[in-house]
S.K.: 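What follows is a structure written as structure tokens; I'll ask about it next.
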There are 2 protein chains.
Amino acid sequence: MVAGEEVANRRVVPNEYISGFPEETDMEIVTSTMKLKVPEGSKAVLVKNLSLSCDAHMRAQMSLDGAPSAASLFEPVLESGHPNFKEGNLMWGVTGWEEYSLISMTEYLMKITNTDVPLTYYNGLLGMNGLTAYAAFFEVCSPKKGEYVYVSAAFGTVGQLVGQFAKLMGCYVAGSKEKVDLLKTKFGFDDAFNYKEEEDLASTLKRYFPEGIDIYFENVGGVMLDAVLLNMRLHGRIAVCGMISQYNRAKLEGVNNLFYLLTKRILMRGFFVLDYGHLYPQFLETTIKHLTEGKIVYVEDVVEGLEKAPSALVGIFQGHSVGRKVVLLARD
Amino acid sequence: MVAGEEVANRRVVPNEYISGFPEETDMEIVTSTMKLKVPEGSKAVLVKNLSLSCDAHMRAQMSLDGAPSAASLFEPVLESGHPNFKEGNLMWGVTGWEEYSLISMTEYLMKITNTDVPLTYYNGLLGMNGLTAYAAFFEVCSPKKGEYVYVSAAFGTVGQLVGQFAKLMGCYVAGSKEKVDLLKTKFGFDDAFNYKEEEDLASTLKRYFPEGIDIYFENVGGVMLDAVLLNMRLHGRIAVCGMISQYNRAKLEGVNNLFYLLTKRILMRGFFVLDYGHLYPQFLETTIKHLTEGKIVYVEDVVEGLEKAPSALVGIFQGHSVGRKVVLLARD
């Protein structure tokens with residue numbers, strides 16, 4: 001590619017009306033022509049996307065905004081109107097589910113300096129997922145050694161990491177998700193259960209947390225949150241990082257046990273990773289160290305080609321994912 | 001009274017099964033004999049209650065624990081096994097709805113040093129209600145000048161004070177409760193509405209807060225909370241100090257819009273005043289100063305005699321209260 005050249009740019013767009021669990025036919029790939037040129041006077045940055053993330057929250061975006069955005073890894077910048085980003089910089093940030101992107105919200109772009117790790121790790125572990133796990137766990141949940149941590153949707157990239165951070169802190173951790181054995185053997189959770197096999201979640205949690213839950217890492221919402229509220233301890237903390245059970249609903253589900261926020265003096269906080277960008281350097285240093293020492297385990301599930309993106313997203317909701325789903329677009 | 005003497009001690013007790021809105025017949029006054037003597041070796045403190053608070057949350061206690069507790073003003077201690085509290089100290093703290101109390105949880109007892117104000121103010125403004133308003137507003141809600149503050153059940157003692165603290169901070173404040181005019185004219189709220197006259201609370205809030213709500217001081221719960229969540233601004237804060245709409249329910253009401261905690265990155269925290277006792281000295285100094293300068297207005301509604309306590313509590317739920325309800329038991 002040469003700056004100024006015209007290229008075909010493919011991207012994934014949802015159909016106008018999408019409801020319930022996504023199916024492949026809810027999305028299509030459209031091709032437009034894009035001139036590889038930053039508009040005169042703009043501070044935007046023009047990039048080619050090497051790989052794209054594939055996240056459950058994209059489904060919610062499709063209903064809210066129309067188009068999903070992904071955590072992308074960018075190849076060396078093609079052209080930049082921004083003084084901090086030069087041609088040749090390797091970066092990661094948020095963009096559309098597409099091959100080329102013109103990025104004007106440059107405040108969330110991060111330069112990649114450490115390339116000793118697989119580059120696709122910046123789509124997950126060393127990018128937004130990792131920072132989410134790190135900042136939401138350490139900043140929102142203020143963990144203390146020996147506390148009881150429950151992670152829902154624990155097999156997601158964020159959940160796996162939270163569990164590992166919690167173990168490194170000396171907490172007891174249990175998670176819920178289908179892959180119970182892997183959570184215990186591979187990711188070091190103290191215990192795990194498959195919520196789909198449980199009839200009464202409140203009693204299940206009571207069984208796994210007889211002393212109650214100090215920290216709940218919320219990825220699910222709805223009935224799960226209700227059951228957790230019943231089992232929280234005094235002064236418990238809940239980081240709300242996702243509510244995957246609500247993304248496919250036309251009508252949001254009621255949560256009945258909020259009264260316990262009051263009686264148990266619980267802190268609950270909606271979390272969005274881009275509010276915590278200032279923690280990125282310390283997060284990166286800590287995490288790469290743990291990774292190098294083998295104290296953190298990370299698994300990827302890479303599919304190749306933008307045309308695989310819709311089925312990859314559908315797969316997440318069907319519980320097919322083993323490891324972080326990444327859509328690889330180009331190797332250079 | 002003389003230490004060691006036997007006295008008749010009357011107290012209010014709820015009937016075994018109480019449900020829904022309280023009625024006077026749900027409570028009765030029982031008399032027992034009490035020896036005015038701290039048990040040998042105990043660090044408890046024996047007091048005569050001069051006046052007792054009357055609070056909406058007592059209704060919830062009746063369902064949860066069986067017996068209500070009140071913010072009491074105590075006459076000079078009759079006998080004390082605790083080195084910090086001496087005979088003759090005037091104090092306030094939490095006790096039963098009764099004439100004499102033996103208090104063993106002495107960590108929440110406060111000595112009264114400033115007696116230039118009416119002593120019953122320690123049942124409300126200068127006691128737990130005031131500290132609740134102060135700590136929940138300043139510590140949990142982190143208010144900034146110019147922010148939009150919504151107070152539900154604004155005519156309660158806590159709500160009135162939060163509104164006044166918010167105005168002193170330079171915030172815009174609106175409240176909901178029946179006594180709309182008084183909130184505006186007497187307590188300085190920018191605006192107020194009667195939620196009982198509104199069909200669609202979400203639209204009502206949109207009308208009073210076209211820019212959205214930064215801080216919600218939660219006293220109500222249920223459908224009110226749902227409507228507020230829709231109208232919160234990004235990074236909003238919710239101090240959960242009460243959920244009066246839930247106290248009389250056999251089954252808790254569902255809240256459907258918690259998903260906005262996530263999308264708006266909202267902080268929500270259950271608040272209990274006794275966690276913030278360390279702020280009492282600074283609260284007391286600030287509040288007495290404001291009171292002396294006429295910047296804070298406080299209204300009391302005193303009934304005399306323990307036998308009036310049940311009807312006073314019933315009256316709160318019927319919206320009869322104008323000012324802080326206090327049950328006066330003795331003048332010395």
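Below, chain A is the first sequence line, B the second, and so on; all start at residue 1.
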S.K.: So if I apply the side chain to side chain contact (heavy atoms under 4.5 Å, CB included) rule between Leu258(B) and each of Gln246(A), Met243(A), Glu218(A), which one comes out positive?
M.R.: Met243(A)
S.K.: For Phe271(B) versus Leu262(A), what's the shortest heavy-atom pair and its separation?
M.R.: O-CD1, 3.8 Å
S.K.: How long is the gap from CD on Glu253(B) to CG on Asn257(A), to the nearest 0.5 Å?
M.R.: 13.0 Å
S.K.: Does NZ in Lys206(B) sit with more than 12 non-hydrogen atoms of other residues, nucleotides or ligands closer than 6.0 Å?
M.R.: no
S.K.: Under a 4.5 Å cut-off applied to non-hydrogen side-chain atoms, are Arg265(B) and Asp275(A) in contact?
M.R.: yes
S.K.: Relative to chain B, which segment of Leu225(A) carries a heavy atom at a distance below 4.5 Å: side chain, backbone, both, or neither?
M.R.: side chain
S.K.: What distance do Arg269(B) atom CZ and Ile266(A) atom CD1 have between them, rounded to the nearest 0.5 Å?
M.R.: 11.0 Å
S.K.: Flag yes if more than 12 heavy atoms outside Phe209(B) fall under 6.0 Å of its CZ atom; otherwise flag no.
M.R.: yes
